[in-house]
Amino acid sequence: VQLQASGGGLVQAGGSLRLSCAASGRTFSRYNMGWFRQAPGKEREFVGLIRWSGGSPYFAGSVKGRFTISRDSAKNTVTLQMNGLKPEDTAVYYCVADAEPFAIASMRTDPSAYDYWGQGTQVTVSS
């Protein structure tokens with residue numbers, strides 16, 4: 001299984017970025033797919049996920065209303081659209097695949113719930 005993230009970069013506060021994740025090696029339509037982030041000196045933080053069922057995405061409170069997630073099951077890709085970026089959004093962002101098929105989204109906010117991680121992509125938001 002491989003997860004390949006791309007799309008990070010430098011943006012000014014209030015700007016937007018789009019991260020993409022290309023997945024291979026598994027039937028991902030059975031699994032939640034999501035994103036975590038890690039800022040320097042901080043623990044990995046749940047950002048959001050898109051449900052295996054294709055229902056509404058589930059987000060951390062800190063990004064809700066600013067970030068959206070979509071998936072293309074035919075292409076095995078997941079996209080994180082980040083709008084209204086703030087300096088505190090600066091971090092390395094990781095694409096993740098749930099370890100458990102058909103899992104309940106609200107119970108999947110801990111890093112241990114995910115068994116596959118992409119390589120990470122840097123997002124830097126300047127003030």
Is any side-chain heavy atom of V78 closer than 4.5 Å to a side-chain heavy atom of F28? no
Of all heavy-atom pairs between A99 and P101, which one has the smallest distance, and what is that distance? O-CD, 4.1 Å
Do Q81 and T79 have a side chain donor and acceptor closer than 3.5 Å? no
Honestly curious: do V63 and V96 fall in one hydrophobic cluster under the side-chain, below-4.5 Å linking rule? no
Where the side chain of R71 meets the backbone of R51, is there a donor-acceptor pair that is under 3.5 Å apart? yes
Identify the heavy atoms of P87 and A13 that sit nearest to each other, and give their distance. CD-CB, 4.1 Å
Under a 4.5 Å side-chain heavy-atom rule over Ile, Leu, Val, Met, Phe, Trp and Tyr, are F46 and W117 clustered together? yes
Going by side-chain contact (heavy atoms from CB on, under 4.5 Å), name the residues that satisfy it together with S62, two or more places apart in sequence or in a different chain. R37, E45, A60
Near Q122 CD, under 6.0 Å, is it more than 12 heavy atoms from other residues, nucleotides or ligands? yes
Q119 side chain to Q4 main-chain N or O, any donor-acceptor pair under 3.5 Å? no
Quick one: sort the W52 and F102 rings into parallel, tilted or perpendicular, breaks at 30° and 60°. perpendicular
Do L80 and L3 share a hydrophobic cluster (ILVMFWY, side-chain heavy atoms under 4.5 Å, transitive)? yes
Ring geometry between F67 and Y93 (parallel below 30°, tilted from 30 to 60°, perpendicular above 60°): tilted
If you apply the rule side chain to side chain contact (heavy atoms under 4.5 Å, CB included), what do you find for W35 with I69, and how did you get there? CA-CA 9 Å; W35 295 87; I69 297 177; 4.0 Å; yes
For residues 9-74, the disulfide bond (SG atoms under 2.5 Å apart) pairs (sequence neighbours left out) are C21-C95
Check the orientation of Y114 and F36. Use parallel for under 30°, tilted for 30 to 60°, and perpendicular for over 60°. perpendicular
Under-4.0 Å salt bridge between R66 and D89: yes
Can you find a side-chain donor-acceptor pair between D72 and T77 that sits under 3.5 Å? no
Quick check: do D98 and M33 have side-chain heavy atoms less than 4.5 Å from each other? no
Look up atom CG in N83 and atom OG1 in T68, then write down how far apart they are to the nearest 0.5 Å. 6.5 Å
For the pair D115 and R26, find out whether any cationic side-chain nitrogen is under 4.0 Å from an anionic carboxylate oxygen. yes
Between Y58 and R108, is there a cation-pi geometry (under 6.0 Å to ring centre, at most 45° from the normal)? no
Quick one: does any side-chain atom of N32 pair with a main-chain N or O of A103 as donor and acceptor, under 3.5 Å? yes
Does CD1 in I104 sit with more than 12 non-hydrogen atoms of other residues, nucleotides or ligands closer than 6.0 Å? no
Got V11 and T124 here, is their nearest side-chain heavy-atom distance under 4.5 Å? no
Side chain to side chain, V123 and L17, heavy atoms closer than 4.5 Å: yes
Nearest heavy-atom contact between A5 and T121 is CB-CG2, 4.4 Å
